[in-house]
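For the numbers below, each heavy atom of this structure counts, side chains included, while hydrogens, waters and symmetry mates do not.
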Protein chains: 2
Amino acid sequence: MVTIKDIAKIAGVSPSTVSRSLNDYPNISKKTKEKIKKIAEDLGFEFNEAARNLNRKKTNTIGVIIPQFFDDMRGEIFFANLLGKLIREAQMEGYHVRIEYEIEKKYIRKMIQSRSVDGLLLMNPFISKEDVEFILEKNFPYIFLHYIPENFMNTSKINYVRTNQKKGGYLATKYLIEKGHRKILTLSGLSINYEFKERTEGYRKALKEAGIGEEYILDIDVTFESAKKAIKKNYKLLKELDAIFAQTDLMALGAIEALEEMSLNIPEDVSVIGFDNIQIGTYFKPRLTTIEQPLDKLAKIGIKNIIKLMKDDVKVRKFIEPKLVIRQSA
Amino acid sequence: MVTIKDIAKIAGVSPSTVSRSLNDYPNISKKTKEKIKKIAEDLGFEFNEAARNLNRKKTNTIGVIIPQFFDDMRGEIFFANLLGKLIREAQMEGYHVRIEYEIEKKYIRKMIQSRSVDGLLLMNPFISKEDVEFILEKNFPYIFLHYIPENFMNTSKINYVRTNQKKGGYLATKYLIEKGHRKILTLSGLSINYEFKERTEGYRKALKEAGIGEEYILDIDVTFESAKKAIKKNYKLLKELDAIFAQTDLMALGAIEALEEMSLNIPEDVSVIGFDNIQIGTYFKPRLTTIEQPLDKLAKIGIKNIIKLMKDDVKVRKFIEPKLVIRQSA
DNA sequence: CTGAAAGCGCTTACAG
DNA sequence: CTGAAAGCGCTTACAG
């Protein structure tokens with residue numbers, strides 16, 4: 001492997017000069033700088049990353065902690081290549097990304113103490129209190145991405161970048177109301193995660209604004225199958241309804257399948273709106289109307305801000321606005 | 001940050017002894033070893049990664065090069081969380097993974113020369129000849145994962161882990177034949193990538209084995225839309241056919257939508273089989289019969305073998321066997 | 001069983 | 001504009 005020492009020897013200068021030249025320091029004569037760059041180029045020299053990191057006390061890499069359920073069904077489909085987007089954004093800013101599951105209790109601690117990363121994007125809702133407190137106490141640069149652990153929801157001093165879930169629920173419900181629907185069922189997963197509570201809050205807010213008194217909330221598993229089952233089971237209730245707000249697209253698809261098997265037409269008999277905007281919705285018939293959580297923005301804003309935070313110790317509290325995507329199902 | 005020097009001072013020993021203790025060298029008295037471990041634990045000590053990497057001349061990380069089209073539609077859907085699987089497998093083996101797009105011409109070279117990674121999993125079919133030759137010449141540990149660049153297809157000295165595409169095409173076609181079909185159309189993407197050529201070879205092999213003379217091959221874009229269009233356009237041809245082997249699931253779904261719009265029933269009038277086994281196929285009606293490319297195996301075998309190769313300089317040439325998944329569409 | 005010393009490949013304050 | 005020297009935090013051959 002070629003080092004700056006090798007180059008120094010060939011060029012007849014000191015290693016310091018080589019370092020300065022290759023790093024484009026100002027106080028180096030054009031002549032030697034060019035000579036040295038030429039030699040480095042010819043030899044295919046690249047700085048040894050470990051040596052640099054050790055000396056500079058930074059790694060130019062952003063740690064990303066992903067949740068265990070990331071490769072479950074829901075994760076797989078919803079997070080469609082979020083990792084790819086994070087990698088791309090980081091690379092565009094000149095950083096690397098170190099994506100990991102938190103495989104042991106003190107894993108995050110370890111990443112920090114070993115100085116493996118310069119900052120942390122935390123995407124795990126189940127991150128332990130101890131871990132978070134450690135990060136806070138060390139004043140280590142971090143941002144909660146997409147999720148906030150529930151016990152920190154109400155703390156004001158937390159950094160985050162996440163979708164405005166309540167707004168999403170509100171948009172979905174308001175759209176249905178504007179279409180003339182009054183009896184609107186929402187399929188939620190209240191017991192699973194607070195984001196469903198927030199979506200439901202949005203649902204309520206829209207109903208209230210429209211002066212609609214009746215709520216229909218079903219708290220179920222957030223899967224295709226359980227949505228399908230729930231719709232079939234509540235056959236009677238359904239007769240009175242005119243629209244469904246499913247709080248994930250997969251639930252929406254399950255609901256639609258149930259409705260079709262009951263010979264109901266969508267959206268003529270019942271309108272259905274989903275949440276997430278997974279790509280599948282594009283291929284299903286009827287094409288799914290839904291609320292988009294813009295993952296590319298999540299990635300871009302997350303990366304940009306953790307980098308800013310690594311430099312300046314600013315506060316980062318950003319909401320990403322969800323978007324109504326109108327297609328055929330509602 | 002706490003270092004072994006700090007621990008040494010507290011324990012009243014030399015840094016060497018601390019290093020040896022924490023690394024569990026045999027020739028250290030139980031007593032001091034335990035004492036030192038206790039102190040390290042109390043202080044929350046972790047080895048500085050950069051220092052270790054510099055000294056040991058390795059990083060414990062595997063580089064993964066992903067293709068630019070990774071976040072295109074096809075990539076997004078087909079590669080469903082392949083990255084997550086790679087990360088998980090690597091972590092289970094005690095390694096990190098550095099996933100990157102090849103953003104500039106000599107990026108791979110740079111990763112090698114800067115000693116950022118110990119080995120490379122190459123997943124880009126468009127990797128340049130120069131890059132590959134550089135890797136080969138440096139004798140740097142690498143494996144082609146899933147793809148092999150076309151100009152190296154016929155070289156015998158290449159390391160790879162990939163799905164047996166020909167076998168996949170064969171299995172799909174053979175299944176259709178066994179179901180009694182004779183006039184089988186295949187929707188391929190011959191001009192896009194050699195993997196489609198291989199699937200088509202498999203198709204041909206199965207036909208030949210069954211003594212079927214007629215081939216129906218459509219070379220189109222491998223998208224939902226173009227498959228749909230192709231089917232509609234070839235309406236006449238279709239009247240004679242009894243089955244379709246679409247070489248991606250998305251094409252299968254496009255074909256199905258076209259057939260349904262033409263009031264044909266699946267599988268009664270026309271059987272359709274796909275390729276990939278993307279998750280969407282599970283939710284569509286009719287549920288998609290398809291050929292699975294087992295991505296979890298790809299990840300696991302890829303990671304396991306690059307690690308082996310980093311240690312031993314063995315040859316790695318592994319095919320992953322695709323699997324027939326029978327559901328409803330054929 | 002333990003320590004002193006050299007070295008991994010850089011960067012940079014200091015001196016000239 | 002350039003060099004010698006110290007230091008980043010480890011590991012390990014050598015000596016005892």
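You'll find that the side chain of B:Asn48 is closest to D:dG9, out of C:dC10, D:dG9, D:dT11. Of the candidates D:dG9, D:dC14, D:dT2, D:dG9 carries the atom nearest the A:Lys57 side chain, counting heavy atoms from C-beta on. Out of D:dT11, C:dT2, D:dG3, the shortest distance to the side chain of A:Val13 is found at D:dG3. Comparing D:dT11, C:dC10, D:dT2 against the side chain of A:Arg52 picks out C:dC10 as the nearest. The listed nucleotides are C:dT11, C:dG9, C:dT2; the one nearest the side chain of A:Asn23 is C:dT11.
Dashed line: the shortest gap from a side-chain N or O of B:Thr32 to OP1 or OP2 of C:dT2 is under 4.0 Å. Between A:Tyr25 and the phosphate of C:dT12, there is a side-chain N or O to OP1/OP2 separation shorter than 4.0 Å. Note on A:Ser14: a side-chain N or O is less than 4.0 Å away from OP1 or OP2 of D:dG3. Dashed line: the shortest gap from a side-chain N or O of A:Asn55 to OP1 or OP2 of C:dT12 is not under 4.0 Å. Taking 4.0 angstrom as the limit, B:Thr17 places none of its side-chain polar atoms (N or O) nearer than this to OP1 or OP2 of C:dC1. For B:Ser16 and D:dT12, the shortest distance from a side-chain N or O to OP1 or OP2 is not below 4.0 Å.
Rounding to whole angstrom units, NZ of residue A:Lys35 and C1' of D:dT2 are separated by 12 Å. Rounding to whole angstrom units, NZ of residue A:Lys9 and P of D:dA4 are separated by 13 Å. Atom-to-atom, CZ of B:Arg20 to P of D:dA13 comes out at 9 Å; the value is rounded to the nearest Å. When the C1' atom of D:dC10 is taken as reference, atom CD of A:Gln113 falls 16 Å away, rounded to whole Å. Distance A:Ile7 CD1 to D:dG3 C1': 17 Å, rounded to the nearest Å. Rounded to a whole Å, the CD atom of A:Glu34 is 13 Å from the P atom of D:dC1. The CD atom of A:Glu49 sits 12 Å away from the P atom of C:dT11 (whole-angstrom rounding). Between B:Leu54 atom CG and C:dA6 atom P there is a gap of 18 Å when expressed in whole angstrom units.
Between the side chains of A:Asp118 and A:Thr59, at least one donor N or O lies within less than 3.5 Å of an accepting N or O. With hydrogens and angles left out, the side-chain atoms of B:Glu49 and A:Ser114 include no donor and acceptor closer than 3.5 Å.
In terms of position along DNA chain C, the nucleotide closest to B:Lys33 lies nearer the 5' end than the nucleotide closest to the other residue of the pair A:Phe47 and B:Lys33. Comparing A:Pro26 and A:Pro15 along DNA chain D, the residue whose closest nucleotide (by nearest heavy atom) sits nearer the 5' end is A:Pro26. Positionally, the nearest nucleotide of DNA chain C for B:Lys30 lies more toward the 5' end than for the other of B:Lys30 and A:Phe45.
Using a distance-only test at 3.5 Å, with no hydrogens or angles considered, no donor-acceptor pair links the side chain of A:Asn55 to the main chain of A:Arg52.
Results of the salt bridge (Lys or Arg N to Asp or Glu O under 4.0 Å) test with B:Arg162 over B:Glu198, B:Glu321, B:Glu195 single out B:Glu198 as the only residue that passes.
With salt bridges taken as basic N to acidic carboxylate O contacts below 4.0 Å, none links B:Asp131 and B:Lys106.
For the P atom pair drawn from D:dC10 and D:dC14, the interatomic distance equals 24 Å after rounding to whole Å. To the nearest whole angstrom, the two C1' atoms, one in C:dT12 and one in C:dG16, are 16 Å apart.
Residues A:Phe70 and A:Phe79 bring their aromatic ring centres within 6.0 Å.
As judged by a 4.0 angstrom heavy-atom cut-off over every strand, A:Asn53 is placed among residues making no nucleic acid contact.
Remark: D:dA15 base-pairs with C:dT2; criterion is Watson-Crick or G-U wobble with both hydrogen-bond distances under 3.5 Å.
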